[in-house]
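Here is the structure we will look at, set down as structure tokens.
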Amino acid sequence: DAGVTQTPRHEVAEKGQTIILKCEPVSGHNDLFWYRQTKIQGLELLSYFRSKSLMEDGGAFKDRFKAEMLNSSFSTLKIQPTEPKDSAVYLCASRSGTDTEVFFGKGTRLTVV
Amino acid sequence: GDQVEQSPSALSLHEGTGSALRCNFTTTMRAVQWFQQNSRGSLINLFYLASGTKENGRLKSTFNSKESYSTLHIRDAQLEDSGTYFCAAEAGRGSALGRLHFGAGTQLIVIP
């Protein structure tokens, strides 16, 4: 079975650009998470979906970050407009449901210049 | 506030020795997972526990939900064990049900 797939693996954007990161969860998984990881802040939750419904979004990220699940097998994270402080690794994860194991993708490393 | 306190933040071990990592929880958690993040940045699943103890090779993990902690024991450390270890606990109540709370990580260096 394929794990969580994230594309692209690396992205370089200029300040002010719009970028879209993509995630395909493990087939059949109902829960999907987006996280941002930096050395200073560690892992921060951006969004949490259950059966395509948004359960939680990271309050601090609402203004320029928008995650969507267009269908159960695909999610996007849009950052608009990008700022240099958005440089980080963005991780997507999925699981069958509560009380089950979470699996992470390999992440997208975003650099905003 | 922070729901998960992970310790130590950094650890150096000589090859062949062992140690324990710990996560304390400030609220009721229903399950815990442990991950190793390798040099490439990938998060590798080590354990998922709803209770009790699991063992896999040189690693052993325990989750005590009543006393609100989990441990990860590493024995006979090898160079490939180097990396950052995270615990993540699943919230057990109310609107937080299902949310994952991550520890800040333990950076482990195994020395030849």
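Since the structure is predicted, the reported quantities are computational estimates derived from the model, not experimental observations. Below, read A as the first sequence line, B as the second, and so on, with proteins coming before strands; counting in each chain starts at 1. No hydrogens, no waters, no symmetry mates; every other heavy atom, side chains included, goes into these values.
- Residues A/Arg95 and B/Gln33 form no side-chain contact, since every pair of their non-hydrogen atoms from C-beta on lies 4.5 Å or further apart.
- In this structure, B/Glu90 CD and A/Thr98 OG1 are separated by 5.5 Å, a value rounded to the nearest 0.5 Å.
- Cluster membership for B/Leu72 and B/Phe25, using ILVMFWY side-chain heavy atoms within less than 4.5 angstrom, is shared.
- Of residues 75-85 of chain A, not one residue has a non-hydrogen atom less than 4.5 Å from any non-hydrogen atom of chain B.
- Under a hydrophobic-cluster definition in which Ile, Leu, Val, Met, Phe, Trp and Tyr are linked whenever side-chain heavy atoms come within less than 4.5 Å, directly or via other members, B/Phe63 and B/Tyr85 are assigned to the same cluster.
- Cluster membership for B/Met29 and B/Phe102, using ILVMFWY side-chain heavy atoms within less than 4.5 angstrom, is not shared.
- Using non-hydrogen atoms only and a strict 4.5 Å limit, the part of residues 99-113 of chain A facing chain B consists of A/Asp99, A/Thr100, A/Glu101, A/Val102, A/Phe103, A/Phe104, A/Lys106.
- Contacts between residues 5-19 of chain A and chain B, counted as heavy-atom pairs separated by less than 4.5 Å, involve no residue at all.
- Cluster annotation: B/Trp34 is not connected to A/Val4 through the hydrophobic network of ILVMFWY side chains, with a link wherever side-chain heavy atoms come within less than 4.5 Å.
- Proximity to chain A among residues 35-49 of chain B is limited to B/Phe35, B/Gln37, B/Ser42, B/Leu43, B/Asn45, B/Tyr48, judged by heavy-atom separations below 4.5 angstrom.
- B/Leu100 contributes atom CG, which lies 10.0 Å from atom CD of A/Glu56 (distance to the nearest 0.5 angstrom).
- In this structure, the portion of A/Gln37 lying under 4.5 Å from any heavy atom of chain B is its side chain and not its backbone.
- B/Val4 and B/Tyr69 end up in different hydrophobic clusters when Ile, Leu, Val, Met, Phe, Trp and Tyr side chains are linked at under 4.5 Å.
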